[in-house]
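Only a predicted model underlies this, so the values are computations on that prediction, with no experimental measurement involved. In what follows, chains are A, B, ... by sequence order, proteins preceding strands, each numbered from 1.
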There are 2 protein chains.
Amino acid sequence: MVKIAIDMMGGDDAPQIVLEAVEQAVKDFEDLEIILFGDEQQNTIQHDRVDFRHCSEEITMEDEPVRAIKKKKDSSMVRMAEAVKSGEADGCVSAGNTGALMSAGLFVVGRIKGVSRPALVLTLPTISGKGFVFMDVGANAEAKPEHLLQYAQLGNIYAQKIRGIKQPSVGLLNIGTEAAKGNSLTKTTFNLMESQNEFNFSGNVEAKSLMEDAADVVVTDGYTGNMILKNLEGVAKAFGKMFKQTLLSSFKNKLAALVLRKDLTQLTQKMDYAEYGGSVLLGIDGIVVKAHGSSSAKAFYSAIKQAKIAGEQEIVKTMRETVGEA
Amino acid sequence: MVKIAIDMMGGDDAPQIVLEAVEQAVKDFEDLEIILFGDEQQNTIQHDRVDFRHCSEEITMEDEPVRAIKKKKDSSMVRMAEAVKSGEADGCVSAGNTGALMSAGLFVVGRIKGVSRPALVLTLPTISGKGFVFMDVGANAEAKPEHLLQYAQLGNIYAQKIRGIKQPSVGLLNIGTEAAKGNSLTKTTFNLMESQNEFNFSGNVEAKSLMEDAADVVVTDGYTGNMILKNLEGVAKAFGKMFKQTLLSSFKNKLAALVLRKDLTQLTQKMDYAEYGGSVLLGIDGIVVKAHGSSSAKAFYSAIKQAKIAGEQEIVKTMRETVGEA
């Protein structure tokens with residue numbers, strides 16, 4: 001049995017999408033227990049494996065992250081994190097304020113002893129459909145070489161345990177493939193990664209090869225990672241927009257669009273990284289999953305499933321023993 | 001009359017595409033003179049406004065940039081740069097080794113006195129078709145706030161003179177729009193840019209808004225800029241590939257593709273940044289234009305036209321007087 005704490009109030013379409021996702025998850029997984037935190041007035045679920053806890057507060061997208069976590073003690077997000085801290089829950093999931101959830105991870109759940117900085121990890125799509133683990137997508141805007149090395153160790157475990165890849169290849173995001181390329185951060189990190197044997201370092205990865213299965217895990221600092229993530233989002237949106245304009249620009253194009261519709265929808269889904277689950281704050285002494293703010297019920301369901309697998313695989317225990325000081 | 005020095009030997013499809021482009025350019029512009037540097041055995045142009053100069057050497061893509069510039073004194077690239085240095089030519093264009101061309105700019109032509117570091121600038125497409133000036137796309141992997149400030153000053157002049165925008169909005173690429181977002185580089189740069197009156201600073205620009213006319217000029221360090229550029233290339237390629245697979249996956253899709261073909265080709269062209277010309281090394285005491293390595297004759301022609309406009313507009317003189325110490 002795995003027990004996951006869930007923030008019912010976070011996300012653009014909460015609590016509806018959260019309630020739908022939870023209902024589906026407890027139906028599909030008989031070994032799953034949920035503790036649901038939120039406003040009892042809005043709760044519609046009654047299930048013997050869903051334990052509801054009323055919270056009088058809620059953290060909004062406008063809240064300043066650190067202050068919100070410190071002040072709103074009875075918010076669904078803080079209480080969810082406390083359930084992980086106390087060991088009552090194996091992990092937690094929220095689609096709320098990203099910064100607040102990271103603060104809840106850091107200040108309520110706490111870091112694994114020996115991990116300098118947690119990193120936010122996400123699985124991104126590739127053309128083949130395989131996808132790759134990308135980190136840090138924004139937990140820390142600044143990073144030193146030793147932080148990137150630790151990210152790689154955490155990402156390596158994540159790819160093994162959650163994505164089931166036995167010996168993941170781990171690449172370093174850089175502006176060239178040669179060892180001497182990049183800025184002082186990537187140059188030093190390259191050397192650090194080359195001289196270790198804990199994971200299978202496959203060298204530098206260029207941003208243009210990311211979608212072509214360049215590596216199973218790609219590591220970068222949170223500034224660059226967030227930049228790439230937002231660029232991917234922006235380009236996908238822009239291409240979609242321009243393509244739609246083309247398809248609607250004439251009667252004959254509209255007919256062609258009708259023919260292609262089903263296949264194009266499939267293509268769009270393949271590129272939608274919400275299908276791969278949420279992002280995970282690695283290095284925290286518990287499982288903290290961030291579902292996308294605009295998550296659908298399906299995407300939130302994927303995030304719950306991801307937290308469940310992480311719990312079953314005891315990913316935090318492995319990180320404590322391998323990367324931490326335990 | 002504007003005189004442009006051209007490297008006949010650089011680029012994947014040189015000298016053919018260079019010769020075609022030069023032929024078209026001298027035909028279209030009666031006030032254009034060309035000095036063409038290359039192997040006389042391969043030259044096919046005879047024209048009263050094309051002055052051919054034979055060179056016994058050639059810099060290849062495999063050459064180590066700085067060494068090549070220092071050793072291969074009789075290469076078409078070095079001699080082209082010397083023509084700019086001596087004042088014989090107003091500017092130069094090459095589709096050859098990017099690193100070598102940057103070294104030729106730095107060590108042969110030289111920096112504008114008072115400019116700390118040159119930056120590589122490129123016009124990228126936006127959905128509206130307007131495009132924006134993006135820099136540094138890779139001249140310096142590392143930058144300090146005062147360098148980014150100078151990039152902005154140079155980019156501002158470039159947008160005014162080459163793109164004809166009277167009061168360009170200048171944005172700082174960052175991972176959030178708020179002033180406090182980003183890493184130490186962007187935070188300090190934000191404050192520097194806010195406290196000056198030389199250009200119209202429009203604040204932080206996120207990577208997801210780049211294609212939506214977020215600003216006329218977007219400034220970042222060469223590591224991030226190169227990363228974004230390669231990511232754009234990679235995503236465009238990946239989307240194109242997946243889309244092509246979809247269009248060829250069934251008979252009915254192939255029929256729909258036939259209907260859409262012309263409009264889709266137009267869409268692809270709109271997104272092809274080679275149409276906007278080459279990249280320009282700003283801060284150099286002369287006009288140095290880098291055409292894409294895989295330039296077509298049409299793209300190389302655009303790069304010649306760009307160098308011609310830069311010459312007519314006396315862009316270097318303005319930079320010397322405004323940004324430099326002159």
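Counting heavy-atom pairs closer than 4.5 Å to chain A, the top-ranked of the candidates B:Glu212, B:Lys241, B:Glu206, B:Met227 is B:Met227. In terms of heavy-atom pairs under 4.5 Å with chain B, the best-connected choice from A:Asn174, A:Leu255, A:Asp221, A:Leu264 is A:Asn174. When A:Leu210, A:Asn140, A:Thr246 are compared by the number of non-hydrogen pairs under 4.5 Å with chain B, A:Thr246 comes out ahead. Listed options B:Leu185, B:Leu229, B:Val235 were ranked by heavy-atom pairs under 4.5 angstrom with chain A; first place goes to B:Val235. When the candidates A:Ala207, A:Gly234, A:Ser250 are compared by the number of heavy-atom contacts under 4.5 Å with chain B, A:Ala207 comes out ahead.
Taking each heavy atom of A:Ala141 and B:Ile175 in turn, the nearest pair found is CB-CD1, 4.3 Å. Of all non-hydrogen atoms in A:Ser249 and B:Asp263, the two that sit nearest each other are OG-OD2, 4.0 Å.
Proximity to chain A is absent for every atom of B:Lys181, based on heavy atoms less than 4.5 angstrom apart. Both the backbone and the side chain of B:Leu173 come within less than 4.5 Å of a heavy atom in chain A. Both the backbone and the side chain of B:Ile127 have a heavy atom closer than 4.5 Å to some heavy atom of chain A. Of the atoms belonging to A:Ala257, not a single heavy atom falls under 4.5 Å from chain B. Both the backbone and the side chain of B:Ile228 come within less than 4.5 Å of a heavy atom in chain A. Heavy atoms of B:Met211 lying under 4.5 Å from chain A belong exclusively to its side chain. In this structure, no portion of A:Ser209 lies under 4.5 Å from any heavy atom of chain B. Contacts between B:Leu232 and chain A at a heavy-atom distance below 4.5 Å involve backbone atoms as well as side-chain atoms. Both the backbone and the side chain of A:Tyr223 have a heavy atom closer than 4.5 Å to some heavy atom of chain B.
To the nearest 0.5 Å, atoms OG1 (A:Thr126) and CE (B:Met242) are separated by 9.0 Å.
Residue A:Lys237 places its NZ atom among 12 or fewer non-hydrogen atoms of other residues, nucleotides or ligands, all under 6.0 Å distant. By the neighbour-count criterion of 12 heavy atoms within 6.0 Å, atom NZ of B:Lys252 is densely surrounded, having more than that number from other residues, nucleotides or ligands.
Formation of a donor-acceptor pair under 3.5 Å by the A:Glu142 side chain with backbone atoms of B:Ser184 is found in this model.
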